[in-house]
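Heads up, the thing below is written out as structure tokens.
The chain is numbered in sequence order, starting from 1.
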Amino acid sequence: MKKSIDYSLYLVTDRPLSLGRSLMEVMEKAANGGTTVVQLREKECDSRTFVELARAAKKLLDAKGVPLIINDRADIALAVGAAGLHIGQTDMPYQDARRIMGPDAIVGLSVENRDQVKEAASLDADYLGVGPIFATQTKPDAAPAIGLGGLAEIRTITKTPLIAIGSVNLSNAAEVIRAGADGLAVVSAICSQPDIEQASRNLAAAIQKARQ
């Protein structure tokens with residue numbers, strides 16, 4: 001039986017943006033501050049290193065009740081018993097990812113426009129990572145920003161939980177939630193902040209207030 005997941009504050013890790021701090025420190029402080037999901041994204045390291053990082057991350061996050069999602073690599077998600085997998089439009093096809101991960105795993109899919117959202121309607125994705133909402137520097141190959149209007153439009157055509165990504169931060173968190181996002185996916189808004197725990201706490205509070 002799949003557990004209900006709180007996608008409110010979804011941290012996507014990025015070691016180069018973490019100001020020299022370890023991933024474990026970033027994740028621990030983020031979880032202490034109210035981060036509800038962590039996606040481990042590693043595009044450069046070798047598979048062995050990725051497995052070691054993922055295993056350590058899972059142990060840390062399990063103790064805090066925060067699910068670990070692995071970016072792109074179904075093999076690593078399975079190897080460490082992660083809660084789920086996140087894939088993009090150019091990664092493994094969703095149907096293959098679901099078959100590999102099984103019915104009880106979380107599988108999230110990135111979407112960038114209305115057409116991709118409509119295509120996803122026939123899938124059983126647990127959530128859609130939608131964006132970029134605003135222009136972003138953390139993903140050089142990102143599609144053009146869809147803006148708050150694009151997010152609001154996508155909200156009208158799907159009931160699947162929407163996790164907004166793309167330069168989402170404390171200054172715009174409330175308006176992104178009000179435009180229809182169920183959660184916010186952040187990178188530098190947590191990873192690059194001097195006080196990670198406080199940054200996470202501030203974002204969680206802004207999300208909660210925007211929902212009132």
Side-chain angles (χ1 to χ4, degrees), residues 1-7 9-18 20-31 35-112 116 120 123-131 136 138-142 160-161 163 165-166 183-188 190-192 196 200:
M1 184 73 180
K2 192 177 296 186
K3 294 180 181 178
S4 177
I5 301 296
D6 178 3
Y7 294 109
L9 185 52
Y10 184 121
L11 170 63
V12 181
T13 65
D14 190 306
R15 283 195 284 174
L17 290 178
S18 297
R21 295 166 295 198
S22 72
L23 277 178
M24 298 306 120
E25 178 182 354
V26 171
M27 290 186 285
E28 180 172 24
K29 290 181 176 178
T35 290
T36 58
V37 182
V38 173
Q39 180 191 132
L40 185 60
R41 183 169 71 183
E42 289 289 330
K43 293 296 187 181
E44 304 299 330
C45 72
D46 59 74
S47 295
R48 182 178 293 271
T49 301
F50 199 165
V51 167
E52 291 170 352
L53 286 171
R55 190 162 282 133
K58 183 175 185 297
K59 181 178 180 181
L60 183 155
L61 294 170
D62 278 356
K64 297 183 178 297
V66 175
L68 173 67
I69 307 295
I70 301 296
N71 179 269
D72 187 20
R73 297 285 301 272
D75 55 338
I76 290 174
L78 288 176
V80 305
L85 176 73
H86 182 86
I87 54 174
Q89 291 291 320
T90 59
D91 295 327
M92 178 187 299
Y94 177 86
Q95 293 89 341
D96 294 323
R98 173 57 74 190
R99 185 170 64 252
I100 291 169
M101 295 300 299
D104 295 331
I106 300 165
V107 182
L109 175 67
S110 291
V111 292
E112 301 164 344
Q116 291 173 359
L123 308 175
D124 60 349
D126 293 282
Y127 69 87
L128 299 176
V130 58
T136 178
T138 60
K139 196 169 187 292
D141 60 343
T160 303
I163 314 302
I165 192 166
L184 307 181
V186 299
V187 187
S188 59
I190 287 180
C191 290
S192 298
I196 292 168
S200 185

task: Apply the side-chain contact (heavy atoms from CB on, under 4.5 Å) test between Thr13 and each candidate in Leu40, Leu53, Ile190; give the one that qualifies.
output: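 The option that passes is Leu40.
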Which distance, rounded to the nearest 0.5 Å, do you find between the [atom1] of [X] and the [atom2] of [Y]?
X	Y	atom1	atom2	result
Asp91	Leu85	CG	CG	8.0 Å
Arg41	Ile69	CZ	CD1	14.0 Å
Ile70	Ile87	CD1	CD1	14.0 Å
Ile100	Gln95	CD1	CD	11.5 Å
Gln89	Glu112	CD	CD	6.0 Å
Leu60	Glu28	CG	CD	5.0 Å

field: Glu42 and Ile76: CA distance, side-chain angles, deciding distance, side-chain contact (heavy atoms from CB on, under 4.5 Å) verdict
entry: CA-CA 11 Å; Glu42 289 289 330; Ile76 290 174; over 6 Å; no
- prompt: Are the side chains of Lys43 and Asn71 in touch, meaning some heavy atoms are under 4.5 Å apart?
  reply: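 Side-chain contact under 4.5 Å: yes.
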query: Is any side-chain heavy atom of His86 closer than 4.5 Å to a side-chain heavy atom of Ser110?
result: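 Yes, close enough: below the 4.5 Å cut-off.
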Of the non-hydrogen atoms in [X] and [Y], which two are nearest, and what is the gap between them?
X	Y	value
Gly88	Leu109	O-CD1, 4.2 Å
Val80	Arg55	CG1-N, 3.8 Å
Arg21	Ser192	NH2-C, 4.0 Å
Arg15	Cys45	NH2-CB, 3.6 Å
Met92	Ala74	CE-CB, 4.3 Å
Leu11	Val187	CD1-O, 4.4 Å

Counting only N and O atoms by type, is there a donor-acceptor contact under 3.5 Å from the side chain of [X] to the main-chain atoms of [Y]?
X	Y	result
Tyr10	Gly183	no
Thr35	Leu9	no
Thr160	Leu128	no
Tyr94	Asp124	yes

query: Going by the angle between their ring planes, with limits at 30° and 60°, are Tyr127 and Tyr7 parallel, tilted or perpendicular?
result: tilted
- request: Check whether more than 12 heavy atoms from other residues, nucleotides or ligands sit under 6.0 Å from atom NZ of Lys64, and answer yes or no.
  value: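 Atom NZ in Lys64 is crowded, with more than 12 foreign heavy atoms closer than 6.0 Å.
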Presence of salt bridge, Arg98 and Asp126, under 4.0 angstrom: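 Result for this pair is yes, salt bridge flagged.
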- request: Show your working on side-chain contact (heavy atoms from CB on, under 4.5 Å) between Ser18 and Glu25 and close with a plain yes or no.
  value: CA-CA 10 Å; Ser18 297; Glu25 178 182 354; over 6 Å; no
